[in-house]
Amino acid sequence: MEVLKNYINGSWIESKEKSTSNVVNPANQEVLAKVPFGEKTGNDANLAVDVASEALKMWRNMPVMKRVQPLYKLKQLLEENIDEISRLITLECGKSFAESKAEVQRGIENVETACATPTLIQSEFSENVATGIDEFMIRQPVGVCACISPFNFPGMIPFWFLPYAIATGNSFILKPSEKVPLTMMKVFELIDQLDLPKGLINLVHGGKESVDALLDHPEVKAISFVGSTAVARYIYQRGTANGKRVQAQGGAKNPLIIMPDADIEMTAKIVADSVYGCAGQRCLAASNIISVGDKKGEIKESLVEAAKNKTTGFGLDDGIEMGPVITPESKVRVENLIVKGVNEGANLLLDGRNAKISGYETGNFIKPTILENVALDGEFIKTEIFGPVMSLIQLDSLNHAIDLVNSNKYGNMACMFTSSGLNARTFRNQANAGNIGINIGVAAPMAQFPFSGWNDSFFGDLHGQGRHAIEFFTQTKVVIERWPKEWTRKF
Ligand code: NAD
């Protein structure tokens, strides 16, 4: 079985680590590859930093217009290879082929947005701030940047950072999730075809050891992390303690309010897509569905119908809308959480446990599940599930609903379905979350906007994507110059 290589200094090289972890198809437990996993992956990461530091020397002085040229080529290569990349995402991550393709498309949009860096990076200039004195601010690269990404969007999340880091003059090291490294292996085959200095973009495998090496290496100046809250907090603390700038996006538990004036039919379909898309393994998946007012009966019926209609199976098979969760351990964790919700008093309206998919009996499948009347003071309502499970909650007023939304320790996303502009405005103003959806089920910001999580969903100041990314990957230098008029007479 193939052991995946690192991509360092423009070449595919074997890891110094001999221990491995399996990359597994979650639909049938087939081992797809082996990935280096252990202490010596830290040495691999250190080697990548050395070459990235070297590559930086010429790249940071390359004109910005030249630095974006390889991104145009990358966009073209990603588009030409979108089916193969999407196939790999489905194989190792489990989501449906359509979901994988949509994911890669989102990644490509970030490459396109980063092509605007020559404009986005333009400096600010003030003439005559005092007599004969001009002042201006320029943006310079920060240095070697590293990204640590999670399992659930292997074809998109690295692109929240990589194209911006490169366009702004930095070098880059990616450490993908050990559960889904194949997608980026394919993308790096494409990156290898670009006209870039050796060592500018590197790929290093592993888990905690390779990450810790990146967090501790003095030449790494910026860390972009996406993953669970516990690890995001750790990354932020260790990275900033070592003097790096860090952006660390964490977990979520997203509430969604349905007002009685919402269009029930349309809402139910969109809500089901939000909860069950990517088998609920999405940091923007709606989880707590709060029905306000007297329409709960109708809403419940429509949601159960929409949930039941989701076809579950292997994501490369025709017509499949929902795949498995990532590991057998995740399946057990989600099923235990369902039991916890029931033990806390909830009624199991739709039970997706014990899902059997013909031909994929060993897959980590859970079918759409709905719990109603979950305890408002329990643990279930607060815990990130990361599986295809909906909590249906009934409240009597918008104020109560907003209180429940804001009692959430996370703040990744909050949504409302309504036909009232005033309800929408009140909610948008008061909800404590960084990404807000009005009649939208997955409020995923487009590439030109920051991915704006709050509270325990984000540690740092500047988020991924768009203008925030340009700011994160650059440091400002303010220059003040005096050119006295009298001097002209001397020449
Ligand atoms: P994870 O935190 O387990 O792993 C993420 C990355 O961190 C992986 O590359 C992993 O190898 C590394 N890692 C794991 N443990 C580590 C440790 N102790 N020290 C150093 N590095 C470590 O997350 P995951 O299970 O891959 O992804 C799911 C989580 O990511 C969910 O909580 C989800 O909400 C979150 N997520 C958040 C966003 C967002 O934008 N806020 C987006 C996608 C996923």
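Ligands are counted one by one from 1 in listed order, and the atoms in each one are counted from 1 as well. Heavy atoms only: backbone and side chains are in, while hydrogens, waters and symmetry mates are out.
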With a 4.0 Å heavy-atom cut-off (strictly under), which part of [X] contacts ligand 1: side chain, backbone, both or neither?
X	result
N152	side chain
F451	side chain
Y410	neither

What protein heavy atom is closest to [atom], reported as residue, atom name and distance in Å?
atom	value
atom 7 (O) of ligand 1	F225 CE1, 3.3 Å
atom 12 (C) of ligand 1	I148 CG2, 4.1 Å
atom 14 (C) of ligand 1	V231 CG2, 4.1 Å
atom 20 (C) of ligand 1	V211 CG1, 3.6 Å
atom 39 (C) of ligand 1	C283 SG, 3.2 Å
atom 23 (O) of ligand 1	S228 N, 3.4 Å

Return the option from [options] holding the heavy atom at the smallest distance from [atom].
atom	options	answer
atom 32 (O) of ligand 1	E384, H463, M413	E384
atom 26 (O) of ligand 1	F151, F37, F153	F151
atom 41 (N) of ligand 1	G250, P176, S210	G250
atom 8 (C) of ligand 1	G227, P150, S149	S149
atom 19 (N) of ligand 1	K208, E178, K253	K208

No-hydrogen, no-angle side-chain donor-acceptor test under 3.5 Å, [X] and [Y]:
X	Y	value
D44	S15	yes
N170	T168	yes
N432	N408	no
N412	Q249	no
Y234	K208	yes
K34	N22	yes
S224	Q247	yes
Y410	N254	no
T362	Q29	no

Next on the checklist: side chain to side chain contact (heavy atoms under 4.5 Å, CB included) for V31 and M1? Distances and angles first, verdict last.
Outcome noted: CA-CA 9 Å; V31 178; M1 172 71 55; 4.1 Å; yes
Taking a cutoff of less than 4.0 Å between a non-hydrogen atom of the residue and any ligand atom, is [X] in contact with ligand 1?
X	value
F386	yes
F458	no
I326	no
G453	no

Can the ring centres of Y7 and F188 be said to be less than 6.0 Å apart?
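Here the rings of F188 and Y7 have centres that are less than 6.0 Å from each other.
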key: F458-H463 aromatic ring centre distance below 6.0 Å   =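 Centroid separation for F458 and H463: below 6.0 Å.
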Worksheet item: Between Y234 and ligand 1, does any nitrogen or oxygen pair lie at a separation below 3.5 Å?
Response: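 No, since none of the N or O atoms of Y234 sits under 3.5 Å from an N or O of ligand 1.
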Geometric N/O contact Q249 with ligand 1, under 3.5 angstrom: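 By distance alone, the answer is yes.
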Taking the six-membered ring of F225 as reference, does the NZ or CZ atom of K175 fall below 6.0 Å from its centre and within a 45° cone about the axis?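 Geometry flag: not set, cation outside 6.0 Å or 45°.
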Just to confirm, does any protein heavy atom lie below 4.0 Å from atom 4 (O) of ligand 1?
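So far as the 4.0 Å threshold goes, atom 4 (O) of ligand 1 is out of reach of every protein heavy atom.
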